[in-house]
Amino acid sequence: MALQVVNPYNQEIIREIPLDDARTLAAKVAAARRAFETWSRRPLEERIRRVRAGLDRFREMGDAVARDVTLQMGKPIQQSRREVQTFFDRAEHMLAIAPRTLAPEVLPETDGLHRRIEHAPLGVVLDIAAWNYPLLIPVNVVVPALVAGNTVLLKHSARTPLCGEHFERAFADPELPGMVVNLDLDHDQTAALVADPQAVDYVAFTGSVAGGLAVYRQAARRVLDVGLELGGKDPAYVAADADLAYTVENVVDGACYNAGQSCCAVERVYVHREVYDEFVDRAQAALQDYRLGDPLDERTTMGPLASRSALDTLEAQVQDAVRRGGKLRLGGRRLADTRGNFFPPTLLVDVPNEA
């Protein structure tokens, strides 16, 4: 079987990537396990130095990485470049706090006993990463896992598998092959990997609540520790004394950045009645300023949605809100006459709370 990577702007197939079969998956897991036996014994200073060398290699690929992010999931190229920069900001912060964070915690002596808590590496970490921020989400796991002495199996989203390849390439170390290993798996293979007691020692998952439950069900069979970052619902509140120019700019950006495909996106706004009408008028004007188009075009400020099926979901949500009494002020349905997964900025007002 093969994974098709589809450009959401024009539906062209970017790449076809064979899924790992049982033999290749076993070899990759074994490589990560072998690397762990050596890597975990290296002093912290060396681990930090080698991870920083991997970041330097990633930096050399920065332009290509940003372009691949845009091609795979539709993020405007300017936002992809910002994600690359934020990737390095986060990585450098984690490297800076590593010596303090990983240092033994010395507890008060009692009854002649010296007590301390050591932070020991776990082994092989499986990172199941999401597509909406395909660099920021995995870097939150890959860098601290490596610095702590673990090795990483990176199973990226089926929409953004090229980013997994970039991680593997950047952190490849000829002396220690297998420090970061990219996996191309379907859901059933991933579930089996989580449940395999010989494969992984920790799982980090970022994605939907349904996906998190699926991971947890498999991990529970082993009583395996799992870290989950799942979807949320995030309202904004606009008070009567708010600076509306500043507030509208940031609330609208919080809702529409990355075409709204953010786990912390503003999904509903509660506005004090004294400033309600002005806020709505200003928000509508701000939404009308978005420029939809080719995400590789520097002038584009909103790209296509990563998934074509999301268009049906959004139209159904708008229709539901209107049926419940909400009023549609702007947008509300997919763009016609385009191959891209475009849904324009949409403004609904007076939407009941149960919608």
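Since the model is a prediction, treat every value here as computed from it, not as a measurement.
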>> Regarding Arg50 and Glu46, does a basic nitrogen lie under 4.0 Å from an acidic carboxylate oxygen?
In response: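 Yes.
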
> Between Arg324 and Asp320, is there a side-chain N and carboxylate O pair less than 4.0 Å apart?
Replying inline: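 Looking at Asp320 together with Arg324, the answer is yes, because their closest N to O distance falls below 4.0 Å.
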
Looking at [X] and [Y], would you say the former's side chain and the latter's main chain have a donor-acceptor pair under 3.5 Å?
X      : Y      : result
Arg57  : Ala170 : yes
Asn150 : Ala145 : yes
Asp20  : Asp184 : yes
Asp196 : Gln198 : yes
Gln261 : Ala306 : yes
Gln11  : Gly340 : no
Ser157 : Arg159 : yes
Thr346 : Gly332 : yes
Gln79  : Asn258 : yes
Arg115 : Pro108 : yes

In one Ile/Leu/Val/Met/Phe/Trp/Tyr side-chain cluster, 4.5 Å: [X], [Y]:
X      : Y      : value
Val271 : Leu348 : no
Trp39  : Val143 : yes
Leu193 : Val181 : yes
Val318 : Val252 : no
Phe171 : Leu136 : yes

Which heavy atom in [X] sits nearest to a heavy atom in [Y], and how many Å separate them?
X      : Y      : value
Ile17  : Leu162 : CD1-CD2, 4.0 Å
Asn132 : Cys263 : ND2-N, 3.9 Å
Thr300 : Asp294 : OG1-O, 2.7 Å
Val226 : Tyr202 : C-OH, 3.9 Å
Pro138 : Asp127 : CA-OD2, 3.4 Å
Gly293 : Tyr9   : C-CE1, 3.9 Å

May I ask you to test the [X]-[Y] pair for a side-chain heavy-atom distance under 4.5 Å?
X      : Y      : answer
Asp225 : Val203 : no
Val124 : Val29  : no
Val269 : Phe279 : yes
Leu183 : Lys28  : yes
Val125 : Asp201 : no
Pro344 : Leu335 : yes
Lys233 : Arg268 : no
Gln288 : Leu330 : yes

To the nearest 0.5 Å, how far apart are [atom1] in [X] and [atom2] in [Y]?
X      : Y      : atom1 : atom2 : value
Leu25  : Lys155 : CG    : NZ    : 12.0 Å
Thr70  : Glu83  : OG1   : CD    : 9.0 Å
Phe205 : Ile137 : CZ    : CD1   : 9.5 Å
Leu126 : Leu224 : CG    : CG    : 9.0 Å
Asp289 : Glu249 : CG    : CD    : 11.0 Å
Glu168 : Glu165 : CD    : CD    : 8.0 Å

For the residue pair [Y] / [X], report whether a side-chain donor-acceptor contact shorter than 3.5 Å exists.
X      : Y      : result
His93  : Arg90  : no
Asp21  : Thr24  : yes
Glu229 : Asn140 : no
Arg339 : Asn10  : no
Gln72  : Asp68  : no

> Would Asp56 and Arg52 satisfy salt bridge (charged side-chain N to carboxylate O under 4.0 Å, His left out), going step by step from the backbone distance to the final call?
Replying inline: CA-CA 6 Å; Asp56 290 341; Arg52 183 163 277 122; over 6 Å; no

Crowding at [atom1], [X] (>12 non-hydrogen neighbours, <6.0 Å):
X      : atom1 : value
His119 : NE2   : yes
His187 : NE2   : no
Arg282 : CZ    : yes
Asp234 : CG    : yes
Arg82  : CZ    : yes
Tyr216 : OH    : no

> His156 vs Phe167 aromatic rings, parallel, tilted or perpendicular, using cut-offs 30° and 60°?
Replying inline: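 Correct class here is tilted.
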
> Do you know which of Val322, Val280, Asp350, Leu347 makes side-chain contact (heavy atoms from CB on, under 4.5 Å) with Lys327?
Replying inline: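 Running side-chain contact (heavy atoms from CB on, under 4.5 Å) over Val322, Val280, Asp350, Leu347 with Lys327 returns exactly one hit, Asp350.
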
> What residues, two or more places apart in sequence or in another chain, satisfy salt bridge (Lys or Arg N to Asp or Glu O under 4.0 Å) together with Arg47?
Replying inline: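 Partners of Arg47 by the salt bridge (Lys or Arg N to Asp or Glu O under 4.0 Å) criterion come out as none, since no residue qualifies.
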
> Is the distance between the ring centroids of Tyr276 and Tyr270 under 6.0 Å?
Replying inline: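 Between Tyr270 and Tyr276, which both carry aromatic rings, the centre distance is not below 6.0 Å.
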
> Should the pair Arg333 and Phe343 be classed as cation-pi, given the thresholds of under 6.0 Å to the six-membered ring centre and 45° from the axis?
Replying inline: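 Here Arg333 fails the 6.0 Å and 45° test against Phe343.
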
>> Against the six-membered ring of Tyr133, is Lys75 placed for a cation-pi contact (under 6.0 Å from the centre, within 45° of the normal)?
In response: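 Lys75 over Tyr133 ring: yes.
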
>> As a quick check of understanding, evaluate salt bridge (charged side-chain N to carboxylate O under 4.0 Å, His left out) for Arg334 and Glu315, giving each step before the final call.
In response: CA-CA 7 Å; Arg334 74 190 73 192; Glu315 285 184 342; 3.0 Å; yes

>> I'd like to know whether Gln4 forms a side-chain contact (heavy atoms from CB on, under 4.5 Å) with Ile14, so could you lay out the CA-CA distance, the side-chain angles of the two residues, the decisive distance to 0.1 Å, and finally the verdict.
In response: CA-CA 8 Å; Gln4 286 189 339; Ile14 301 169; over 6 Å; no

> What do the steps show when you test Arg169 against Glu60 for salt bridge (charged side-chain N to carboxylate O under 4.0 Å, His left out), and what is the final call?
Replying inline: CA-CA 11 Å; Arg169 191 175 301 116; Glu60 293 171 0; over 6 Å; no

